[in-house]
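A quick write-up on the structure given underneath.
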Amino acid sequence: QVQLVESGGGLVQPGGSLRLSCSASGDIVKINAMGWYRQAPGKERELVAAFTSGDTTNYADSVKGRFTISRDNAKNTVYLQMNSLKLDDTAVYYCHARLRRRYYFTEFNYWGQGTQVTVSS
C-alpha cells in the first residue's frame, strides 16, 4: 500500500508564510508526478504546484512568484513554501502523487488527507 502524509498547515495572517510537507511511503517503485492541489469552500479542486515529468514544475498563475515547490527524492517528499499569503489562499491543501508500485505495471494516483491553510487577519 501507499500513503501520503501531509503536515504544515495552519492559521497565518495575510503576508505571512507557511511551509507544507508531504511524504509518500509504501511499495513505491517510481514517483512520476507529485505536487499540491487545493480546494476552497464552494470551489473545485485546483492545481497549486507540481513536479510533472522529470524536473518540470507547473504552477497556478495565482501563486507564481509567491509559492515554491521543492522535493527530496531520497525521502519521497515534496515541500510547498508559501510566502506572501493572501486571503484567497485559504483552502484545504491536498498532496497528490502519480506513481508506480512494485509488482504492478500501471500507474496509480494517490491523495493525502488534506491540510487546512487559513489566511486571516
Side-chain angles (χ1 to χ4, degrees):
Q1 266 294 358
V2 172
Q3 277 192 317
L4 301 184
V5 179
E6 303 147 336
S7 62
L11 174 64
V12 64
Q13 291 185 339
S17 298
L18 282 175
R19 188 186 191 220
L20 306 182
S21 300
C22 173
S23 294
S25 62
D27 56 348
I28 298 168
V29 173
K30 183 182 179 184
I31 297 176
N32 293 322
M34 194 167 181
W36 295 92
Y37 289 70
R38 68 186 180 187
Q39 188 166 18
K43 295 187 177 181
E44 294 186 352
R45 191 173 297 188
E46 62 176 0
L47 171 72
V48 177
F51 286 99
T52 54
S53 58
D55 292 328
T56 303
T57 55
N58 192 14
Y59 289 91
D61 288 342
S62 60
V63 307
K64 285 179 180 177
R66 300 188 298 121
F67 291 10
T68 302
I69 190 170
S70 60
R71 65 186 175 184
D72 184 334
N73 289 332
K75 297 181 180 179
N76 287 337
T77 298
V78 292
Y79 306 95
L80 185 67
Q81 179 66 44
M82 304 184 293
N83 298 328
S84 303
L85 282 160
K86 304 176 180 179
L87 298 176
D88 286 347
D89 294 318
T90 295
V92 178
Y93 284 68
Y94 295 92
C95 180
H96 168 264
R98 177 166 51 85
L99 53 83
R100 286 187 56 203
R101 294 175 57 190
R102 192 175 300 129
Y103 307 126
Y104 294 89
F105 295 101
T106 59
E107 289 184 323
F108 291 86
N109 286 288
Y110 288 93
W111 293 91
Q113 78 282 3
T115 184
Q116 177 70 45
V117 171
T118 302
V119 184
S120 175
S121 55

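Values below: all heavy atoms of this structure, side chains included; hydrogens, waters and symmetry mates excluded.
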### CA sep, side-chain torsions, deciding dist, call: Y59, T68, side chain to side chain contact (heavy atoms under 4.5 Å, CB included)
CA-CA 9 Å; Y59 289 91; T68 302; 3.9 Å; yes
### Task
Please check if the side chain of E6 supplies one atom and the backbone of C95 the other of a donor-acceptor pair under 3.5 Å.
yes
### Message
Is it the case that atom OH in Y104 sees more than 12 heavy atoms from other parts of the structure closer than 6.0 Å?
### Response
no
### Query
Are I69 and R71 side-chain neighbours, meaning at least one heavy-atom pair lies under 4.5 Å?
no
### Query
OG1 of T115 to OH of Y94: how many Å apart, nearest 0.5 Å?
10.0 Å
### Query
Out of T52, T77, N76, V78, which residue meets the side chain to side chain contact (heavy atoms under 4.5 Å, CB included) rule with M34?
V78
### Message
I'd like to check L20 versus W36 (side-chain heavy atoms, cut-off strictly below 4.5 Å). Are they in contact?
### Response
yes
### Message
According to salt bridge (charged side-chain N to carboxylate O under 4.0 Å, His left out), does anything in residues 26-35 pair up with another residue at least two apart or in another chain? List the pairs.
### Response
D27-R101
### Query
Is Q3 atom CD crowded by more than 12 heavy atoms from other residues, nucleotides or ligands, each under 6.0 Å away?
no
## Note on the structure
Separation between CZ (R19) and OG (S7), nearest 0.5 Å, reads 9.0 Å
### Message
I'd like to know if V5 and V2 are part of one continuous hydrophobic network [Ile/Leu/Val/Met/Phe/Trp/Tyr, side-chain heavy atoms within less than 4.5 Å].
### Response
no
### Query
Would you say the side chain of S17 lies within less than 4.5 Å of the side chain of Q81, judging by non-hydrogen atoms?
yes
### Query
Is there a donor-acceptor pair closer than 3.5 Å between any side-chain N or O of Y110 and the backbone N or O of L99?
no
### Closest approach of L47 to A50 (non-hydrogen atoms, all atoms of both residues)
CD1-CB, 3.7 Å
### Minimum heavy-atom distance between A24 and I31, given as atom pair plus value
CB-CD1, 4.2 Å
## Note on the structure
Taking every heavy atom of S121 against every heavy atom of P14, the minimum-distance pair comes out as N-CD, 3.8 Å
### Query
For the residue pair W111 and H96, does the interplanar ring angle fall in the parallel (under 30°), tilted (30 to 60°) or perpendicular (over 60°) class?
tilted
Review item, side-chain donor-acceptor pairs of residues 85-93, under 3.5 Å, at least two apart:
{"from": "D89", "atom 1": "OD1", "to": "R38", "atom 2": "NH1", "distance (Å)": "2.9"}
{"from": "D89", "atom 1": "OD1", "to": "R66", "atom 2": "NH2", "distance (Å)": "3.0"}
{"from": "D89", "atom 1": "OD2", "to": "R66", "atom 2": "NH1", "distance (Å)": "2.7"}
{"from": "D89", "atom 1": "OD2", "to": "R66", "atom 2": "NH2", "distance (Å)": "3.4"}
{"from": "D89", "atom 1": "OD2", "to": "K86", "atom 2": "N", "distance (Å)": "2.7"}
{"from": "T90", "atom 1": "OG1", "to": "L87", "atom 2": "O", "distance (Å)": "3.0"}
{"from": "T90", "atom 1": "OG1", "to": "V119", "atom 2": "N", "distance (Å)": "2.8"}
{"from": "T90", "atom 1": "OG1", "to": "V119", "atom 2": "O", "distance (Å)": "3.3"}
{"from": "Y93", "atom 1": "OH", "to": "R38", "atom 2": "NH1", "distance (Å)": "2.9"}
{"from": "Y93", "atom 1": "OH", "to": "D89", "atom 2": "O", "distance (Å)": "2.6"}

### Task
Report the C-alpha distance between V48 and F67 in whole Å, list the side-chain angles of each, state the deciding distance to 0.1 Å, and finish with yes or no for side chain to side chain contact (heavy atoms under 4.5 Å, CB included).
CA-CA 9 Å; V48 177; F67 291 10; 3.6 Å; yes
### Task
Find the distance between NZ (K75) and OG (S25) and round it off to the nearest 0.5 Å.
14.0 Å
### Task
Consider only side-chain heavy atoms of I, L, V, M, F, W and Y, link residues closer than 4.5 Å, and tell whether V63 and Y79 are in one cluster.
no
